[in-house]
Amino acid sequence: MFSEESRFSLVSDSRRTLIWRVLGTHFHKENTFDRHGYGGAGWLVWGGIILGSRTDLHVQNVTMTAHIYRDVILEQHVRLFWGAMGVEILFMDDNARSHRANIVDECFLSEDITRMVWPAYSPDLNPIEHVWDMLGRRIVARPPPPTCLLELRRALLDEWCNISQDQIYNLILSMPRRCKACIASSGRHTPY
């Protein structure tokens, strides 16, 4: 299972906006725009994907702590999902501090969950990152896009369910290619 959190906000914090300008006009009013440093109000979401299925999307408005990760994510989502699937799953999360706390490690041991070893400083190859990108694109493409936190929450939950399982399947099957590309580039940038 590939899992991770991501943050979605009402105000886009995307740095994809390109501005073409004449040399020397960098600070002219028409070439500048105000940006919210942290994207404004929003939600932190957590989800997990595997071949053939996905977890429910967990939406919260607070920072992920080790206690929330253990009590909510692992106990209420991962353990129940694991039991419902009835198969042995290798679990992957990132090296966030809340994921590596002692109480989380103890929970993994007590639930007999095998965690994928992931180097502390490594490129992020987790395919769920691409699912977050798909989710974000689906949110901004909604007619009209969400204008308040309640609408954003509803849109996140709706669009999570609308992402095709085939797309998730293809992302997970791309892992061997991702790893080969990462090795070939000595851990630097890859096309993924």
Side-chain angles (χ1 to χ4, degrees), residues 1-9 12-18 38-39 44-58 63-66 68-70 73-74 77-79 81-82 84-141 156 159-192:
M1 173 187 284
F2 298 96
S3 76
E4 193 170 41
E5 302 93 35
S6 188
R7 188 172 189 288
F8 292 88
S9 61
S12 173
D13 56 0
S14 171
R15 301 199 184 265
R16 295 181 189 167
T17 306
L18 299 177
Y38 298 101
L44 182 71
V45 300
W46 174 90
I49 58 174
I50 65 170
L51 288 174
S53 192
R54 72 188 96 185
T55 65
D56 290 334
L57 187 69
H58 173 75
T63 302
M64 185 65 72
T65 64
I68 293 172
Y69 193 67
R70 180 195 62 188
I73 302 304
L74 297 179
H77 289 281
V78 174
R79 189 174 56 80
F81 182 78
W82 211 290
M85 295 303 295
V87 295
E88 190 172 322
I89 301 172
L90 180 62
F91 187 81
M92 189 220 172
D93 56 11
D94 60 12
N95 286 316
R97 185 172 289 183
S98 59
H99 301 171
R100 297 296 179 243
N102 288 338
I103 61 170
V104 172
D105 289 340
E106 291 166 5
C107 181
F108 275 107
L109 286 172
S110 71
E111 295 293 333
D112 199 27
I113 297 173
T114 305
R115 183 189 276 171
M116 184 183 291
V117 177
W118 205 247
Y121 295 102
S122 64
D124 196 350
L125 299 175
N126 194 337
I128 202 166
E129 290 293 340
H130 293 279
V131 177
W132 297 141
D133 186 54
M134 281 188 264
L135 183 60
R137 289 174 190 270
R138 294 175 78 94
I139 297 296
V140 293
L156 286 164
E159 295 300 340
W160 173 255
C161 294
N162 292 333
I163 293 173
S164 152
Q165 194 62 41
D166 286 341
Q167 290 175 298
I168 293 171
Y169 182 82
N170 289 334
L171 285 171
I172 293 173
L173 290 183
S174 73
M175 282 302 291
R177 292 189 312 272
R178 290 167 187 271
C179 292
K180 284 179 186 174
C182 182
I183 291 167
S185 71
S186 299
R188 291 186 288 277
H189 296 288
T190 68
Y192 298 100

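What you see below is based on every heavy atom in this structure, not just the backbone, and it leaves out hydrogens, waters and symmetry mates. The structure presented is a predicted model; accordingly, all values stated were derived computationally and were not measured.
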Partners passing side chain to side chain donor-acceptor pair (under 3.5 Å) against [X] (at least two apart in sequence or in another chain):
X: E5; result: H99
X: D56; result: none
X: R54; result: Q165
X: R100; result: D93, N95

Taking every non-hydrogen atom, the tightest pair across [X] and [Y]:
X: L135; Y: F8; answer: CD2-CZ, 3.7 Å
X: R177; Y: L173; answer: NH1-O, 4.0 Å
X: I50; Y: I172; answer: C-CD1, 3.4 Å

Can you tell me how far apart [atom1] ([X]) and [atom2] ([Y]) are? Round to the nearest 0.5 Å.
X: M134; Y: I163; atom1: CE; atom2: CD1; answer: 5.5 Å
X: I139; Y: S9; atom1: CD1; atom2: OG; answer: 11.0 Å
X: M116; Y: N126; atom1: CE; atom2: CG; answer: 8.5 Å
X: L44; Y: S6; atom1: CG; atom2: OG; answer: 7.5 Å
X: E129; Y: D133; atom1: CD; atom2: CG; answer: 9.5 Å
X: I128; Y: W132; atom1: CD1; atom2: CH2; answer: 4.5 Å

When you measure from the side chain of [X] to the backbone of [Y], do you find a donor-acceptor pair of N or O atoms at a distance under 3.5 Å?
X: T55; Y: G48; answer: yes
X: S110; Y: C107; answer: yes
X: S3; Y: M92; answer: yes
X: R138; Y: N162; answer: yes
X: T65; Y: I68; answer: yes

> Are M64 and I73 side-chain neighbours, meaning at least one heavy-atom pair lies under 4.5 Å?
Replying inline: yes
> Would you call M1 and F81 a side-chain contact if the rule is heavy atoms closer than 4.5 Å?
Replying inline: yes
> For the ring pair F2 and F91, is the centre-to-centre distance below 6.0 Å?
Replying inline: no
>> Ring-plane angle category for H77 and W46, please: parallel below 30°, perpendicular beyond 60°, tilted otherwise.
In response: tilted
>> As a quick check of understanding, evaluate side-chain contact (heavy atoms from CB on, under 4.5 Å) for W160 and V45, giving each step before the final call.
In response: CA-CA 10 Å; W160 173 255; V45 300; over 6 Å; no
>> Run the ring pair (Phe, Tyr, Trp, His ring centres under 6.0 Å) test against Y169 and tell me which residues pass, sequence neighbours left out.
In response: none
> Which residues satisfy the side-chain contact (heavy atoms from CB on, under 4.5 Å) test with D105, sequence neighbours excluded?
Replying inline: N102, R115
